[in-house]
Amino acid sequence: MNNLESLTYFASEGFLSVYIILLLAASLLIRKEQGTPGLYYSLGIFGLAVTLALEIVACATRPGSTEIFHGLLRSDSLGRLFKILCLVSGILFLLFSLLARETSKRFRDSMEYTVLALSLCLGMMLFIASNNILMLYLGMELLSFTSYLLTGFVDRDERTTEAAVKYLLYGAVASGVMIYGFSLLYGLTGSLDFSAIRAYLVANQVSGSMLFISIAFILTGLGFKIAAFPFHLWSPDVYEGAPTAFSAFLSVGPKAAGFAILMRVLYQVFGVGAQAEAPPAAQFDWTFTIAVLSALTMTVGNLAALPQRNIKRLLAYSSIAHAGYALMAVASRSAFGISAVFFYFAVYLLMNLAAFLVAIVIANEYYTERLDGYEGLGWKGPQGAFLASAMAIALFSLAGIPPFAGFIGKVYLLMAVIKKGPGLYWLAVVAVLNTVISLFYYARVVKMMFLSKRVKGAPLSAMTTERYVSYAVLGVLTFLTLLFGLYWTPLDSLSKLTMNFLN
Amino acid sequence: MTEFIHNHILTLITFLPLLGGAVVLLIPRDRKDAIRRTALVFTLIPLLLAGMLFAGFNTSSSGFTTEAGIQFVEKHAWIRDFNINYFVGVDGLSIPMILLCALICPLCILASWNIEKGVKGYHFLFLLLETGMMGVFVALDFFLFFIFWEVMLLPMYFLIGIWGGPRKEYAAIKFFIYTLVGSVLMLLVIIYAYLVSTPHTFDLTELARNSSVLGYRAILWWGLFIGFAIKVPLFPFHTWLPDAHVEAPTAISVVLAGILLKMGTYGILRINFSLLPDVTRSMATVMAVIGTINIIYGALCAMAQKDLKKLVAYSSISHMGYVMLGMASFTDEGLNGAVLQMFNHGVVTAMLFLLVGVVYDRAHHREIEGFGGLASVTPNYAFVTFLAFFAALGLPGLNSFISEALVLLGAFKTHTVLAVIAATGVIITAAYCLWTLQRVFLGAVNQKYALLPDLTGREIASLAPLAVLVVVLGVFPHPVLNLMKSTLGSLNALVVAAL
Amino acid sequence: MELTGITSYIIISLILFLAGLLTVVSKKSIIGIFLGIELILNSAALNFAAFSRLTARNLEGQMVSMFVIVLAAAEAAIALALLLAIYKRYRDINADNLTTLKW
Amino acid sequence: MTYFIKSYGFIIVLLPLLGAVVNGFFGKRLRERFGGTASGYIASAMVFLSFLLSTAAFIVVAGSHGAAIVNHAYTWMSLGTLQVEIAFLFDPLSAMMLLIITGIGFLIHVYSTAYMHGDQGISRYFAYLNLFVFSMLILVLAENALLMFVGWEGVGLCSYLLIGFWFQEKQNTTAANKAFIVNRVGDFGFIAGLFLLYWFLAKAAGPSAGTSILSFSYLAEHAHLLKDATIFGASLATVICLALFLGATGKSAQIPLYVWLPDAMAGPTPVSALIHAATMVTAGVYMVGRLNFLFSMSHTAMAVIAVTGAGTALLAATMGCLQNDIKKVLAYSTVSQLGYMFLAMGVGAWSAGLFHVMTHAFFKACLFLGAGSVILGMHHEQDIRKMGGLRKHMPRTFATFALATAAIMGMPPLSGFFSKDEILWQAWSGEHGHPGLWFAGFLTAGITAFYMARLLFLTFFGETRRDAHHNHHDDHGEHAHDRVISESPAAITVPLIILAGFSAAAGLVGVPAALGGSNRIAEFLAPVLGHHGTAGTHDPIEYVLMAASVCAALAGGGLAYLFYLARPDIPVMLAERLGPVHRLVYNKYYIDEIYGALFVTGTKILSRVLALFDRHVIDLLVNVSGLALRTQARIAGWFDQAYVDGAVNLVADSTLSFGEQVRKLQTGRVQVYVLVLVCMVALGIVIRLMTV
């Protein structure tokens, strides 16, 4: 499709690009003393909300799968739905940044922060939609560069810069390895375009080992984005060092984007077994590789989370484990697996962000990220009870206990795996055993909040506007976590849409 | 109105407590008595409804695997795309459990009257727990069953963990983890069964009818069995139980022993038996051996305990062994005995835990050696305790005798040697029961407790219904046996025919 | 096809790639580590250019090479900014300082 | 009247229950309003009414020429092939037992009103006593074996409650526990035998639905099916009979389970009379008699029963010789007499055994009540060494006691003579008989005479020896010897006299043909027990044996006279001479101690071993070393916690520590992170290349 026509499919990204430029321009006009952080964040949220609206409209009005901009990007429901997911998390990211003390009170350059956040969202959208090696690389780097900056943006203490540097170095190596892998793929197939690569692989015999090496290198980059073992090592450090709101976002948005593109590459380029045409899988079957990665990722994540005493670090490891769960569905190599991943990320967004929001509120109140700060929270009056209940629901949902949405998400993933057949049953067993391990550390937080008789620290301070907003958001997230645990048909039909990108 | 109640009776029984929980949340936290009364009302209504259920139950309808054999059915589509239904109904297997649950819950509320800390939260969680327990017994959709099964975990975790004794945190998490290990295995089986059935279904009756589609049958069976065995709890999965019981507050111990343990055996009967009858049949010896170990091992461990509550906890392990043994006998006598034992043990152990709670409330400890001569001080309390312990040791004329005798009778047919070994359990049981009674109630009065008050009206109200049941069902077990006879008959026939 | 030609490019780029990795892992100074990253990126760029010229016979690869170079520069800019912050704090750019965050 | 019994026979059973309920629940209020005696009157009245109805039932049964009358109350259980009725069987055997129970029971109730007068727990006492009568009636009237088991356990419960009636004393409650638990061992056998029987018949006969397999009539009809059945290579009939007999040894205090009965004397004396002499302990004999058709199918079982009976008779008799507690002597005598009954059962002399049950009930009840009267008179002194010369103070008690003693010694023409000689004769000549058995019985007869005469002489003859021994354990403290010894009130003596009368005369219903009688009791019981071949024949040996046993009795009595009245120095000298033997017998062959070490401590240790398993290994070491020192070692829960729970905790702990290890991967050095990445990818590639 030519460029002009493509623009109609590019409305949301286009709007966002223009909006970013406008915002940059506006920052020159607004004097620093005039603007409050609230204003900038609100502008950013507004921009993302409009983008989201446009994306939803596009999703509703333009079904089917189309290559746009001469095949650089692809417009399909998989991409659109993941973009919606990422935009929602982006909006919540800015909202959380506004609510968190560290990014709203001491921070004067909130305009740049907002612009970076919006750019990050743009990068994420391009990343998800890319249909070409170059586009993928550019989208990923836009996403990554802004991430490095945002990680180090708020100078809290020495940990912030350290996190940003580590993130940058690790990310640069990972993306370097990835692009090297892509260069090999290009050499093997002679094309940058995913469709062309696939067509070449279907038509021609290529060296299996070379293909594997290139896939392994590519997986390094993508694995870095989704923080899968053994590419996960950066994430706990970065989560701990980054502003909490950003850690929350990192664990959902970029990760979902990474999964979207991972599935696009693995399914679209390297084939889906279910498809009629002989898949390149004949040359290389990645199911087992991904399955092993999945098992290792969830196990390592859960085990390492066990001894953690910092809530952000704990949630970081938990997020690694959850990437492992989601990889399970990717390994299932089925259309249902794709929808399961989407479903999982939709509920993961709810429960994980709820947990982070509680962490933000607590950090605002008690200046601590350590678990001791949660001791006796459930007994600190109605506010404490509400926060602790919301946290407990979020954590139990993360652990996959009914009747919360996290359980349904896990059922989807397990279903995808078991559907695949006996070859992957072991993975399902590993996954459920991991669920049990994960309960140890989730329940420890709950234990701190409710079971401990000692009520540590002062009672929560009086309500403020931020607090009201936080509680409202928390209430919505928690409610949806519960609702989707009991009635998830809407989310189910949405997730089914992702499957049609294969046609 | 009556029409409505009749059509939705199971839903009402299941969810009225939850509604009660919501109401409790609305009451201001300092109006403690209002909260307690509300909770009591919302547990009494299900009891009333359960009575109606009992009256309206057709004892002759026996189909276990057919939908026609199940009564008071309610079926609504829940998640259409997955063919998950809100499918509830009762048959002869579940109705005794529903009655038991409906009976014990109000008594527990009575027994919790003296809880002062977090009254609101406690009663909310308790009512939530009741919904979960009822749900397990009425659910006929595997998915629904699992949801209810897990929903119980959370309130239980908090009830033990917040209102429990000194080591409550350890006990609560141990309970949680143990149960979760079992249930995740069950989850895998559920998903597998769903995926291999055509059309995909979670309907237990449907799955039972077409159980031949299930592959890997032995593995499936073990997956389910371990999940349930942890709940029962069967040796060697039982170590969560003494901890949980000792730490839990009285009413929660009652629920735990009185109802929760039954879910394990209920699950085995409902699911292992009907879905995998052939494997069940081939596992007869394994089940019988485990049951026998439970009986003897539990009784011996009980004998060594110094804590009254721990003793009762181990006695539960021993008594649940009878259920297992009876189930493994594959005779009508054994199977009916097993289910009757589930009911009877529920009644007796509830009494025992309530009684332990009574003395703990007064003396603030439970050391068996720390009492003595209480029979002179508190004769009424002694009388009821003697009754309960004698029921526990299977004295003829009291309810447990019938079930234990039926179980042993059944076991003698199929597992003669094991049955003989298991029967020696009655000696050990008598020994530890009598020693306990002697140490606590008999002998010279311990002057420390010379002025211990006797049972209060509220305590009598919570104990009397159980005491009456203990005697009446011992003399006239017909009503309960009649409820389950035909259902269990067809279930047994199904299993026996499987091999 | 001049396979010998392409093979030599591949070997050179592989050497570059491995040298880059080695540098990243072994250098103490963050600048040094960054140079290693540049080597990795350049090996990829070299590959793209070579494949573009010799096997794919289209310009796409060369285009990617350009972008890789541009992005490497951008990355360097961010890195230097962060490096300044590090230097300010530690008066040093040794990577071993960065071990507060662990476990 | 037949109709009445057939339709309302259960009233006989229910009346005592009613009494128990009234006394149990309203006893306190009764006492407050009407004083302590009201309980006794109500309880006695209930039993008396029951006795009247029993008499009626007896007449009906006697008039129906052996046809059994069954009163169906309701169906207890009905499941599969199992059908158990709550039904009561009236036939000659149960009618006879009915009369003994309600009759003697009534007398003892009356006696108790005086004996227990003023006791704090009098209404509780009568509630228990009534409950006992109720249970005993269920036992004998039960129409099927399972219902019989209910009564069987019920009497055990009442026995437990009554032995431990004065529960403030720890030793009483320990005795009560012992009685219950030892009986449970027997019950285990009973149940096992019953269930084996049930399944065999359910399989062999293929009964139609609604057949009550365990009913005695069905069993009697189908027992022959057992003939060639085997189980684990042994004859099924033998296994079943031995299992059932184990039950009987528990209830009827036979080797090896007799140990509880002497201890059971801790209960109030009327209880000893009713439960531990006259009625409950004969339940085992009754059961064997009831199931005689079963036992007669196994020669092995019969032989075991006979030998056990003879052995118990002899062993207990020797133990009785050196006891000093008046009730203990009687207790061992009871054990010994029960041995006689089993000897009879074992040789197939069913009616002789049951005849002895009856006569024994009379004279032993009389003896116990007499002992109670003595104890009351002596102000709760039970040691016969401190008695003596009581015949002057308590003439009526003495007379009745002496008569009953003569009866138990087997003096013709008192009741004991007839029943005992019937047994001895059958032991010699019966189809399962053996001269050895006879000899044991004969020896026992002599020893019995000896120790009973000893008891009589020491208690009632000679001089009062109240000061000879200081009343160490006289818990009534206040100088008991200062009190006057006087004859007991009428409520005590009248029952004594009645019982003495029966002890003397009851034998007349069983005068053997050899002595010109017609053994009417055997005839009466024949519908249930069958006829014995020897009835009506005249064998000269019978007279010889009779004479021998009388001589043995006289010799025993004479020896006692010599030892305890004429030359009191001889026993002292003998005790010194035969030191070890004396000590052995005096300490009852240390059997209690052996059982204690073997079973009680053994079980305790086992349970503690298992409980210790629950705890940690350190605890184990501590406790094992402690075990050597203390019998109260804690080992049981250990198994559970150290191994079972330990394994679980091990999994949890190792998971946690593994978590620690995994966490260590996160060194904080970004270059290590990169290295990990590189190595892992390289590893993946290498594996891939090697496997392809």
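In what follows, chains carry the letters A, B, and so on, assigned in the order in which the sequence lines appear, proteins first and then strands, with residues in each chain numbered from 1.
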Interface moiety of [X] toward chain D, non-hydrogen atoms closer than 4.5 Å:
X	result
L408(B)	both
T416(B)	side chain
V445(B)	neither
A411(B)	neither
Y432(B)	neither

Just to verify, which of T424(B), V426(B), I428(B) counts as forming a side-chain contact (heavy atoms from CB on, under 4.5 Å) with R184(D)? V426(B)

Once you round to the nearest 0.5 Å, how far does CG of L214(D) lie from CG of L409(B)? 7.5 Å

Per-pair distances, 0.1 Å, donor-acceptor, side chain in residues 157-164 of chain D, under 3.5 Å, sequence neighbours excluded:
{"unit_1": "S159(D)", "atom_1": "OG", "unit_2": "H276(D)", "atom_2": "NE2", "d": "3.1"}

Tell me, please, which residues at least two apart from Y74(D) pass ring pair (Phe, Tyr, Trp, His ring centres under 6.0 Å). F476(B)

Atom group of [X] that falls short of 4.5 Å from chain B, counting heavy atoms:
X	answer
Y198(D)	side chain
S135(D)	neither
F200(D)	neither

Who wins among G397(B), P379(B), S376(B), A444(B) for the most heavy-atom pairs under 4.5 Å with chain D? S376(B)

If you tally heavy-atom pairs under 4.5 Å against chain D, which of L442(B), D332(B), L481(B) wins? L442(B)

Return the set of residues passing salt bridge (charged side-chain N to carboxylate O under 4.0 Å, His left out) with D307(B) (not counting sequence neighbours), or none when no residue passes. R366(B)

Expected contact set for residues 386-396 of chain B against chain D at heavy-atom separation under 4.5 Å reads F386(B), F390(B), L393(B), G394(B), L395(B), P396(B)

